[in-house]
Amino acid sequence: MADDTAAAAEARQLSVAAADVGCSYEEDRPYLLRFLLRHGATFPEAEDAVHSAFVELMRARQPVHSPRAWLRTVALRAFLRQMVPEDPEQDLADRLAETRVDWHTPLQAAELSDQQRRVLQALIELPFKQRTVLAWHLDGFSTAEIAEAMSMEKAAVLQNLSRARRTLKQQLGITDRRSAQ
C-alpha cells in the first residue's frame, strides 16, 4: 500500500513537472531558437538542439534552479555536438567561419530586412566567446548571469561584450556618435 502511495505521488510530481516543461517549451522555444541562430545554427540544427535541451529538462532528476540559463547552456552544447566535423582534421572554427546566415523559415525570411541579415552575418563571424556572450546579452541576461552560466569572471564577460560590440561596429561600418561631434 505504501509503495502504491509513493508511486502515485511520484507520478503526480512527474505530471506537474511535464506540464511545467510543456508551458516552458511553448514560451521559451522561440527564444532558444533565436539564441542558437545567433551562434550560426541553421534552423533545423537549432530545432534539434532545442528539442534535445527540453528532453534533458524532462529527464532532470533534480530541480533546475535557473531554467532559462540551463536550457540555453544545454541547447548550445547540443548544437556544438552536432557540429563535430566528419573529417577530424577540420577545425570547428573553420566550419563556423564558413557558416552563412541560412536559418530562416519563410515567415522569418519575409520579416528580415537586408540590414538585419547583415547584422546576423556579422554576428556569426565574431569569435566564439564574443558571439556567445553577446547572444546571452541579447537574450536579456545580466553580466553576472552570463558569467555564472559560462563559468567566467564578470570582467571577462564585460571585456568580450565590449570587443564584440566594437567588432560589430567595424564590420557594419558604424561610426561612434561621440567622435562625430
side-chain contact (heavy atoms from CB on, under 4.5 Å) between Y31 and R68, intermediate numbers included: CA-CA 10 Å; Y31 299 104; R68 288 180 60 229; over 6 Å; no

Over all heavy atoms of both residues, which pair between [X] and [Y] is shortest? Give the atoms and the distance, please.
| X | Y | result |
| --- | --- | --- |
| E56 | R81 | OE2-NH2, 3.8 Å |
| L172 | A122 | CD2-CB, 4.0 Å |
| F79 | H39 | CE2-O, 3.9 Å |
| A75 | A49 | O-CB, 3.4 Å |

Just to verify, what does [X] make a side-chain hydrogen bond (donor to acceptor under 3.5 Å, both in side chains) with, not counting sequence neighbours?
| X | result |
| --- | --- |
| S142 | E145 |
| D139 | R34, R38, R72 |
| R77 | none |
| Q171 | none |

Set of salt bridge (Lys or Arg N to Asp or Glu O under 4.0 Å) partners for R59, sequence neighbours left out: none

Salt bridge (Lys or Arg N to Asp or Glu O under 4.0 Å) involving R29 - partner list, sequence neighbours excluded: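 Salt bridge (Lys or Arg N to Asp or Glu O under 4.0 Å) check on R29 returns E47.
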
Are the side chains of [Y] and [X] in contact, using a 4.5 Å heavy-atom criterion?
| X | Y | value |
| --- | --- | --- |
| D28 | F54 | yes |
| Y25 | L71 | no |
| T132 | L76 | yes |
| T143 | V133 | no |
| H65 | W70 | no |

Let me have the donor-acceptor pairs involving side chains of residues 146-164, under 3.5 Å, with sequence neighbours excluded, atom names and distances please.
| residue | atom | partner | partner atom | Å |
| --- | --- | --- | --- | --- |
| N160 | ND2 | A156 | O | 2.9 |

Test side-chain contact (heavy atoms from CB on, under 4.5 Å) applied to L134 and L168, step by step: CA-CA 11 Å; L134 188 58; L168 282 176; 3.3 Å; yes

Cluster overlap W136 with L138, hydrophobic side-chain contacts below 4.5 Å: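 Same hydrophobic cluster.
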
E27 side, atom CD; L32 side, atom CG - distance, nearest 0.5 Å: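 Here the interatomic distance stands at 11.0 Å.
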
Approximate separation, where rounding is to 0.5 Å, of R165 CZ and I174 CD1: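 Answer rounded to 0.5 Å: 12.0 Å.
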
Within the 6.0 Å centroid threshold, strictly below: F141 and H137: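 Ring-ring flag for F141/H137: false, centres at least 6.0 Å apart.
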
A46: side-chain contact (heavy atoms from CB on, under 4.5 Å) partners, not counting sequence neighbours: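 Per chain and number, A46 pairs via side-chain contact (heavy atoms from CB on, under 4.5 Å) with L33, L36, L37, A41.
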
Donor + acceptor pair across side chains of Q170, T167 (<3.5 Å): no

